[in-house]
2 protein chains.
Amino acid sequence: MDIGHKLRSIRKQRGLSQRELAARAGLTNGTISLIEKNRTSPSVASLKSLLDAIPISMAEFFSTLEEPEVPKVFYRADEFTEITPGSAGQVSLRQLGNATDHSLQVLHETYPPGADTGPELLSHVGEEAGIVVKGSVEVTVDGVVEELHPGDGYLFDSRLPHRFRNIGKVECEVVSACTPPTF
Amino acid sequence: MDIGHKLRSIRKQRGLSQRELAARAGLTNGTISLIEKNRTSPSVASLKSLLDAIPISMAEFFSTLEEPEVPKVFYRADEFTEITPGSAGQVSLRQLGNATDHSLQVLHETYPPGADTGPELLSHVGEEAGIVVKGSVEVTVDGVVEELHPGDGYLFDSRLPHRFRNIGKVECEVVSACTPPTF
DNA sequence: TCCTACTGTTTAAAATAATTGTCAATTGAG
DNA sequence: CTCAATTGACAATTATTTTAAACAGTAGGA
């Protein structure tokens, strides 16, 4: 992480000494010295005090600090992040990458027999699409019902009310995409 | 700050137990319990471990956490933030509020006698404007030179090369504005 | 019912962060 | 140069976080 150098450069930029900043933050100059040399990891409370005294927000501090790094392209199956929707109990939604950094959200969905997302009414803007990979699923969009089998797909405006139900006897898998990812 | 509730809600949303998250982060469930109940302020290192295990970035975590609070309207003189430009040595730039949250940046600039911003070439897009409050300043914009006195002002496209020099004998003060604040 | 497996909480002990006081190096004024 | 003031760094102490282990509550199955 190296928050030490980051803190030091911001402090210097503002023309503050360790003692001056320490006084404003209610800490000691020694502490700042240790933090800036990365000899200790400050508590969130301490860091907040320091940033408030500069002043700069936590989000700002970390947004300019966080690794720009090489963009991640490939994701192994165990790197997907599990998303547990509030209502639908047993449905498994596994998201590729993290939604907030992209304008496209791709999910690997698993519906056990009997699974039902329920009739969620209008949700986010954007579009949703998916293709059934295994098993079958009954999809209802804006009142129209269809049973989809492997190879079948769907594509609709996310604002339309929609519902997914596995009325078959085997697990159903769907790969879907949304844009933008206002999950 | 209340990072406890924030952490808990994110953890729950992902369907993780304290123990599960603790194992992934290399911490203990007890620690997470204490943090979530705000009975302790975790070190930045610990919080980073937890967020990496969720996963969510520090910037994301704090950006959704940081107080939306009532928007700040009034700023006392001692609440301005001093901005020390890289090149120009003695010039004092005091910024109203924080630039990143707004689309407008207002500065209180002070030029001691002899101060010179140097001929910075093209900078950011947007517009810049200002009014001289005290003393006088020689402003060069796109090759055109003017000496401005109290009450005088300027307004130009930020992409044009510009330069400020105090060729008088007294300190000069200028109140300026830029938009957008890509400082 | 009992048992197992899970949840989150709480406590003393261990590990770590923060303070205190001191130090050498630097800077500016006389 | 000399002195005073200020800077950042460091060691030892104090304070806090973190751990490890035990606790109580819940849910499900035999």
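Just so we're on the same page: letters track the sequence lines, and every chain starts at 1.
- Look at CG on B:Leu16: it is 15 Å from P on C:dC6, rounded to the nearest Å.
- For residues 33-47 of chain B, proximity to DNA chain C is found at B:Ser33, B:Lys37, defined as any non-hydrogen atom under 4.0 angstrom from a strand atom.
- In this structure, A:Lys6 does not pair ionically with A:Asp2, as no charged nitrogen and carboxylate oxygen lie closer than 4.0 Å.
- Residue contacts shown for B:Leu27 are limited to sugar-phosphate atoms, with no base heavy atom under 4.0 Å away.
- Counting to the nearest Å, the P atom of C:dG8 and the CD atom of B:Glu20 are 11 Å from each other.
- Contact annotation: the side chain of B:Glu138 approaches that of B:Val145 to within less than 4.5 Å [non-hydrogen atoms, C-beta and beyond].
- Residue-level contact check: A:Thr31 touches the bases, meaning some heavy atom is under 4.0 Å from a base atom.
- Side-chain contact of B:Ser46 with B:Ser43: a donor-acceptor pair under 3.5 Å is present, judged by distance alone.
- Regarding A:Leu21, its CG atom lies at a distance of 14 Å from the P atom of D:dA9, rounded to whole Å.
- The side chain of B:Arg19 contributes no N or O atom lying less than 4.0 Å from OP1 or OP2 of D:dA21.
- In summary, the side chains of A:Thr31 and A:Thr28 do present a donor paired with an acceptor at a separation below 3.5 Å, with no hydrogens or angles considered.
- Ranking D:dG8, C:dG8, C:dT20 by closeness to the A:Thr28 side chain, first place goes to C:dT20.
- Between A:Arg8 and D:dT7 there is no side-chain N or O to OP1 or OP2 distance below 4.0 Å.
- Cluster annotation: B:Ile35 and B:Leu16 are assigned to the same hydrophobic cluster (Ile/Leu/Val/Met/Phe/Trp/Tyr, side-chain heavy-atom contacts under 4.5 Å, transitive).
- Computed from coordinates, the B:Ile32 CD1 to C:dT10 C1' distance equals 15 Å when rounded to whole Å.
- Nearest nucleotide to the side chain of A:Asn29, out of C:dG8, C:dT19, D:dG8: D:dG8.
- Candidate nucleotides D:dG8, D:dT18, C:dT9 were compared by shortest atom distance to the side chain of B:Gln18, and C:dT9 ranks first.
- Counting only heavy atoms from C-beta outward, the side chains of B:Gln18 and B:Arg11 approach each other to under 4.5 Å.
- Judged purely by atom type and a 3.5 angstrom limit, A:Asn166 uses its side chain to pair as donor or acceptor with the backbone of A:Val170.
- In terms of phosphate contacts, B:Lys12 brings no side-chain nitrogen or oxygen within less than 4.0 Å of OP1 or OP2 of C:dT7.
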